[in-house]
Amino acid sequence: MDINRPANVSFFDFIGGVQLLQGEDIRTAVPVILIGICVSGAVGNLLVLLIFIRDFRSGRGSEVKALLASLASTDLVILLLCAPVRAVTYYKQSWTLGSFVCSTTDWFQHSCIIAKTLILAATTRAKHTLVPSTATGPLYSPTWIHGALAFIWIVSMMFPIPQLLFASSVQQGRDTICVSEMPVCASDFMSLFYKIYPTAAFVGPAIFTVAYYTKMLHAAVNHAPSPQHQTKVILVLLCLSGALGLLLLPEWGTFTWIRLGYARPPVGLLIFGQVLLYACSSLSPVILMTMYDDVRQGLINIWLVFTCRSKKRVPSKQCPKTEGNGAEVGTNAVVNAVLQGKEKTFPDVEHFWTGRRNTHVEEEQDPVPWEREEKIVAGVGVLV
C-alpha cells in the first residue's frame, strides 16, 4: 500500500477500505468476515424491525421502541450498503465501483454512524415504559419523534460533508484507487474542523448517553418504588450505548489520527477498526433479543407463528385449525364431551338399574320394595 503523496495535499488517505495490500490471506479473510457479519446482522435487524412493527400495529408501541426501530433501520442500511463496498474493495485490492460511489461512500457511512450515536442520545428524552391506551391519545407522541429523527439525519448528513468534497478516484499505476486528498490551502481550517468534528459527532453524545443511563440505572435500582421493568429498559439502553462507544472508538480514533497529520497507524489497526464498526451494527439486535423483554417475547411469538404455519401443511394434532372465532374447536369439544359422557354413568343410577335387572336381589337390598310387593299381589291374583 505504499503510495506517494502529492506535494499539494496535506494528507492522503484511502476511502472505502485499505487498498493495494499484498497477500492472499487478507484478500480472502477480510471479505469473508465482513460478509458473515453483514448477513448475520441483517437477519437480526430485520427480525427486530418486524417485532417492533407488530408491536405498533397491535397498539403496544412506545417512544423508545420508535427510536430503537430507527436505530435498527440505520444498522441495516450500514450492513447492506456500506459493508459490501469494503468487502469488494478488500477482495479486488483496488477501486472498481466508479467515481460516484468513491465520492459518497465515506460520507454516507459517517452519516449513518453519526445518526446512530444521536438516536441513542435522543432516547434519553423518550418514555421508557408503555403509556396505557386511552381515547385521548396514542401510546407515544409521533410529532416530536418525527421531528427529532428529521433533525438527526439532517445534522448527520451535514457534518461529514468534507468527506464528500475531498474524495476522488485516482490512477496508481495500472490500478485505480479511491482516496481522500485535502489541499494544503485548507489544512488550517480542516485541522480545526477535525478536532471539533469527532468530539461533537461521537465523543460528546456517547459520553452523555452512557453517563445519563448510568445515573438513571442507579436511581431506578435504589429509589424507584417498582423498578423492575424500568431498570431492564434502562439497562438495555446502557448496554447499547456502551457497545456503540467501545466498538466505534478504534474507527474514530484512526480516522482522526490520520486527518490531524500524524503518522499512519498500522494496517492491522485500520482493518480491525472497520470490522468492529460493522460488528457494532450486528451486536445491537443481539442485545435487544437477549435483554429486552418485549423483543424477546415478540421473537418467541414469531417463532410460534412460523412453526404452526409449517405444521398446518402436514396434518397434525398439535396445531389445531381454527376458523372465525374458534367455532370448530368449540364444536369438537362438545362432541368429545358427549362421547365421553356416554361412557360414564352416575353411581346411584347404575345401582338403580342393576337392581331392576337383578331378579335375585335380596329384599333388604331392593331399592324399590313397593314395586316388589305390587308384583307379588298381582301374581297371587292371577293364580287365584
Side-chain angles (χ1 to χ4, degrees), residues 16-18 29-45 47-48 67-68 70-87 90 105-106 108-124 152 156 159-160 163 197-214 234-259 265-292 295:
V18 183
V30 176
V32 170
I33 294 173
L34 292 179
I35 291 173
I37 293 174
C38 179
V39 172
S40 60
V43 172
N45 283 288
L47 287 175
V48 170
L67 293 175
L68 290 179
S70 178
L71 182 68
S73 302
T74 306
D75 285 330
L76 189 62
V77 169
I78 291 175
L79 293 172
L80 294 181
L81 298 182
C82 299
V85 173
R86 270 66 182 177
Y90 279 111
T105 180
D106 210 34
F108 184 73
Q109 178 170 283
H110 271 253
S111 298
C112 294
I113 295 172
I114 297 171
K116 282 183 57 176
T117 308
L118 296 181
I119 287 171
L120 278 176
T123 58
T124 59
I152 286 172
S156 301
F159 254 126
Q163 273 82 283
Y197 169 57
T199 304
F202 171 69
V203 177
I207 292 177
F208 166 76
T209 308
V210 172
Y212 176 85
Y213 283 121
T214 302
I234 293 174
L235 183 60
V236 170
L237 295 172
L238 177 61
C239 291
L240 287 174
S241 305
L244 181 140
L246 291 176
L247 295 180
L248 295 186
L249 184 60
E251 172 66 17
W252 276 106
T254 55
F255 173 85
T256 307
W257 185 267
I258 293 174
R259 277 151 182 79
V267 177
L269 182 59
L270 296 174
I271 298 175
F272 181 69
Q274 292 181 6
V275 171
L276 288 184
L277 186 151
Y278 303 117
C280 178
S281 297
S282 298
L283 182 62
S284 297
V286 175
I287 294 175
L288 291 174
M289 291 178 186
T290 54
M291 300 183 64
Y292 198 1
V295 175

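- For the pair Leu80 and Pro84, the tightest heavy-atom approach, listed with the atom from each and the gap, is O-CG, 3.3 Å.
- Listed by chain and residue number, nothing satisfies the side-chain hydrogen bond (donor to acceptor under 3.5 Å, both in side chains) test with Thr209 (two or more places apart in sequence, or in another chain).
- Applying the ring-ring contact (aromatic ring centres under 6.0 Å, His included) criterion to Tyr278, with sequence neighbours excluded, gives no partner residue.
- A distance of 10.0 Å separates OG of Ser282 from CG of Leu76, quoted to the nearest 0.5 Å.
- If you take CG on Leu71 and OG on Ser281, they are separated by 8.0 Å, rounding to the nearest 0.5 Å.
- Of all the heavy atoms in Leu68 and Leu240, the pair that sits closest is CD2-CD1, 3.8 Å.
- Side chains of Phe202 and Ile113 form no contact here, defined as non-hydrogen atoms less than 4.5 Å apart.
- Counting heavy atoms from C-beta on, the side chains of Leu277 and Ile78 come closer than 4.5 Å.
- A pairwise comparison of heavy atoms in Thr117 and Pro205 identifies CG2-CB, 3.6 Å as the closest pair.
- Ile114 is listed as a side-chain neighbour of Pro160, based on a closest heavy-atom distance under 4.5 Å.
- Scanning all heavy atoms of the two residues, the minimum distance from Thr124 to Phe208 falls at OG1-CE2, 3.8 Å.
- A distance of 10.0 Å separates OH of Tyr212 from CG of Leu237, quoted to the nearest 0.5 Å.
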Check step by step if side chain to side chain contact (heavy atoms under 4.5 Å, CB included) holds for Thr105 and Arg86. CA-CA 10 Å; Thr105 180; Arg86 270 66 182 177; 2.8 Å; yes

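- Between the Thr256 side chain and the Gly253 main chain, no donor and acceptor come within less than 3.5 Å of each other.
- The two atoms that bring Pro31 and Ala87 nearest to each other are CG-O, 3.7 Å, heavy atoms only.
- Within the structure, salt bridge (charged side-chain N to carboxylate O under 4.0 Å, His left out) contacts touching residues 108-117 (residues at least two apart or in different chains) are Asp75-Lys116.
- Rounding to the nearest 0.5 Å places CD1 of Ile287 at 6.0 Å from SG of Cys239.
- Side-chain contact check for Glu251 versus Leu276: every heavy-atom pair is 4.5 Å or farther apart.
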Report the C-alpha distance between Phe108 and Gln163 in whole Å, list the side-chain angles of each, state the deciding distance to 0.1 Å, and finish with yes or no for side chain to side chain contact (heavy atoms under 4.5 Å, CB included). CA-CA 9 Å; Phe108 184 73; Gln163 273 82 283; over 6 Å; no

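- Atom OG1 of Thr214 sits about 10.0 Å away from atom CG of Leu235, to the nearest 0.5 Å.
- Residues that satisfy the side-chain contact (heavy atoms from CB on, under 4.5 Å) test with Leu47, not counting sequence neighbours, are Val43, Met289, Leu299.
- Considering Leu79, Leu81, Thr74 in turn, Thr74 is the only one that fulfils the side chain to side chain contact (heavy atoms under 4.5 Å, CB included) rule with Cys112.
- If you take OG on Ser284 and CG on Asn45, they are separated by 7.0 Å, rounding to the nearest 0.5 Å.
- The shortest side-chain heavy-atom distance between Val203 and Trp252 does not fall under the 4.5 Å cut-off.
- Residues passing the side-chain hydrogen bond (donor to acceptor under 3.5 Å, both in side chains) test with Tyr90, sequence neighbours excluded: Gln274.
- Partners of Phe159 by ring-ring contact (aromatic ring centres under 6.0 Å, His included), not counting sequence neighbours, listed by chain and number: Tyr197.
- Shown here for Cys82 and Gln109, the closest heavy-atom pair between the two residues is CB-OE1, 3.5 Å.
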